[in-house]
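Input: a single structure, listed below in structure tokens.
Scope of the values below: all heavy atoms of this structure, side chains included, with no hydrogens, waters or symmetry mates. So that the names make sense, note that chain A is the first sequence line, chain B the second, and so on, each numbered from 1.
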2 protein chains.
Amino acid sequence: MSAGLDIFSQFGFRGTTLDQIADAAGLSKPNLLYYFPSKEAIHTALLERLLENWLDPLKALNSGGDPVQEIIAYAHRKLALSKDYPRESRLFANEILQGAPRIENILHTDLKQLVDEKAAVIKGWADKGKIAPVDPYHLIFSIWALTQHYADFDVQVQAVMPGSDPYAGAATYLDHVISRILQP
Amino acid sequence: MSAGLDIFSQFGFRGTTLDQIADAAGLSKPNLLYYFPSKEAIHTALLERLLENWLDPLKALNSGGDPVQEIIAYAHRKLALSKDYPRESRLFANEILQGAPRIENILHTDLKQLVDEKAAVIKGWADKGKIAPVDPYHLIFSIWALTQHYADFDVQVQAVMPGSDPYAGAATYLDHVISRILQP
DNA sequence: TCTTGGTTTGACCAGATGGTCAAAACAACG
DNA sequence: CGTTGTTTTGACCATCTGGTCAAACCAAGA
């Protein structure tokens, strides 16, 4: 699974070969296919495992908590996901870039439903004047973008800031950004 | 070129076949190879054309202008690029995801140099108190992330906000975000 | 009409790729 | 040691893929 994640997250489904995965896993190709019935099965298994936790950070956004703190905490959970599971983030990015053929239905059902729900919560906070009146959908997009960028575009970030761990600075910056955005 | 852009931006270099490009272009494979010497040549040509304009929005950031206006204008130029050239954005994203093997040197030279230069300009503005004291590198990253997200993750955005054109809302939101971030 | 230059294509090739299969290797247990 | 169930592999196959080539096609000028 880890070997598959390495390769799929880099080259996407079509750009990945079973030989690559088998090599990375230290197995022969037939041996790899002894554990997984097909290339597609490996990919599906990885995507399913990813999706199990992918939406958790947003699910945990609590409508009863302090609005600004809740949203900042959400962004931090998402940033931690990028830091600790960058390959999973890139696997997801690859899938989206390719038109999300294998998770399109989940995007339109589970994801949309969850985002609608949390967007309503955020809109409630805005209407009550607890946070600035921002579009909740674009707010959520911006948190996705700001956090996943460090995993998905890691090569570029490393090229611009060589040697340093960007996540420390990213966390500080993220605090600044979100508290500023939301200040009523 | 357009057909190649369509396919490469979706599937990446390794995931793209000459037959796909030829089909999309309405040519036979040998005919395609009459105009381009190889698959690699098509990809290289596309990347080179992309890179010609990719850094222009940042280059145009003027150290003599009004700081907040300059940065907002930069973000808008970048958002316009996402809106008008989403396939190019995805081609770039694919290349970065795959480890940027073909443009690594450009990232480490041209891109890094340009970002360093503009980061210094932004830091100058911050030091003079014209904008809030933010990390200029993460500021630039955040503009990249916020704008490219709408092109690269278009499928996801469409799934969450079906039918609507996200770019209008994105522009408004971007104004809000950046002016808030930078307010001294 | 004939020629000439550019364009298009069917047939083909070598190597890669996803996947199969039977046989071999191995570990565990009586 | 012999048996049994699991794991591993070499050999193989059909299809795909990047790329070649000679032949055919076609437009335009002499």
Side-chain angles (χ1 to χ4, degrees), chain A residues 1-51 87-88 90-106, chain B residues 1-51 87-88 90-106:
Chain A
M1 294 279 281
S2 175
L5 184 56
D6 267 340
I7 313 294
F8 277 128
S9 67
Q10 203 179 342
F11 299 108
F13 181 74
R14 305 209 14 192
T16 294
T17 75
L18 284 176
D19 282 307
Q20 280 179 294
I21 300 176
D23 272 5
L27 297 173
S28 64
K29 190 169 56 174
N31 201 186
L32 178 63
L33 288 168
Y34 173 75
Y35 292 101
F36 293 92
S38 68
K39 176 184 173 182
E40 179 113 26
I42 307 175
H43 193 250
T44 303
L46 284 167
L47 268 185
E48 278 172 4
R49 196 182 64 177
L50 160 68
L51 288 174
R87 297 178 303 172
E88 279 82 353
R90 286 193 281 270
L91 182 73
F92 186 80
N94 246 313
E95 185 64 14
I96 300 289
L97 272 177
Q98 291 178 23
R102 291 155 228 278
I103 58 171
E104 213 186 359
N105 54 332
I106 291 176
Chain B
M1 294 279 282
S2 177
L5 183 56
D6 268 339
I7 313 294
F8 277 128
S9 68
Q10 202 179 343
F11 299 108
F13 181 74
R14 302 209 17 188
T16 294
T17 74
L18 284 176
D19 281 307
Q20 280 180 293
I21 300 175
D23 271 5
L27 297 173
S28 63
K29 189 169 57 172
N31 201 186
L32 178 63
L33 288 167
Y34 172 76
Y35 290 102
F36 293 92
S38 68
K39 177 184 173 183
E40 180 113 25
I42 306 175
H43 193 249
T44 302
L46 284 167
L47 268 185
E48 278 173 3
R49 197 183 64 176
L50 160 68
L51 289 173
R87 297 179 302 172
E88 279 82 352
R90 287 193 281 270
L91 182 73
F92 186 80
N94 247 311
E95 184 65 15
I96 300 290
L97 273 176
Q98 291 178 21
R102 290 154 228 279
I103 58 170
E104 214 185 0
N105 54 332
I106 290 175

To the closest 0.5 Å, what do you measure between CG (A:Leu46) and CZ (A:Phe13)?
11.0 Å
Nearest-nucleotide check on DNA chain D, B:Phe13 vs A:Gly26; residue mapping nearer the 5' end is A:Gly26
When the distance from CG of A:Leu27 to P of D:dT7 is rounded to whole Å, what number comes out?
12 Å
Please enumerate all residues that pass side chain to side chain contact (heavy atoms under 4.5 Å, CB included) together with A:Glu88, with sequence neighbours excluded.
A:Leu5, A:Arg49, A:Leu50, A:Tyr85
Can I get a per-line list of side-chain donor-acceptor pairs under 3.5 Å for residues 94-101 of chain B, giving both atom names and the distance, sequence neighbours left out?
residue : atom : partner  : partner atom : Å
B:Asn94 : ND2  : B:Ser9   : O            : 2.9
B:Glu95 : OE2  : B:Arg102 : N            : 3.0

Using atom names, set out every protein N or O paired with an N or O of nucleotides 22-24 of chain D below 3.5 Å, distance rounded to 0.1 Å.
none

With sequence neighbours excluded, give me every salt bridge (Lys or Arg N to Asp or Glu O under 4.0 Å) pair touching residues 21-39 of chain A.
A:Asp19-A:Lys29
Give every residue pair that meets the ring-ring contact (aromatic ring centres under 6.0 Å, His included) criterion with at least one member in residues 16-40 of chain B, sequence neighbours excluded.
none
Please tabulate, one pair per line, each protein N/O and nucleotide N/O from nucleotides 10-17 of chain D that are separated by under 3.5 Å, including the distance.
none

Atom pairs under 3.5 Å: protein N/O with N/O of nucleotides 25-27 of chain C:
none

With sequence neighbours left out, write down each residue that passes side chain to side chain donor-acceptor pair (under 3.5 Å) with A:Arg87, or none if nothing qualifies.
A:Ser2, A:Asp6
Given side chains that start at C-beta, do those of A:Leu27 and A:Ile21 come closer than 4.5 Å, heavy atoms only?
no
Donor-acceptor pair, distance only, cut-off 3.5 Å: does the side chain of B:Glu48 make one with the backbone of B:Ala45?
no
If each of B:Pro37 and A:Leu32 is mapped to the nucleotide of DNA chain D with the nearest heavy atom, which maps nearer the 5' terminus, i.e. the 5' end?
A:Leu32
For A:Leu33 and D:dT7, what is the distance between atoms CG and P respectively, to the nearest whole Å?
15 Å
Detail all sub-3.5 Å separations between protein N/O atoms and N/O atoms belonging to nucleotides 4-7 of chain C.
residue : atom : partner : partner atom : Å
C:dT7   : OP2  : B:Tyr34 : OH           : 3.0

Validation row: A:Ile42, A:Phe8 side chains within 4.5 angstrom (heavy atoms)
yes
Considering non-hydrogen atoms only, spot the tightest contact between A:Ala24 and A:Ile7 and give its length.
CB-CD1, 4.3 Å
Return the minimal non-hydrogen interatomic distance between A:His43 and A:Leu91, and the atom names on each side.
NE2-CD1, 4.1 Å
Give, for atom CD of B:Gln10 and atom OG1 of B:Thr16, the distance between the pair rounded to the nearest 0.5 Å.
8.5 Å
Of all heavy-atom pairs between A:Leu51 and A:Ile103, which one has the smallest distance, and what is that distance?
CD1-CG2, 3.7 Å
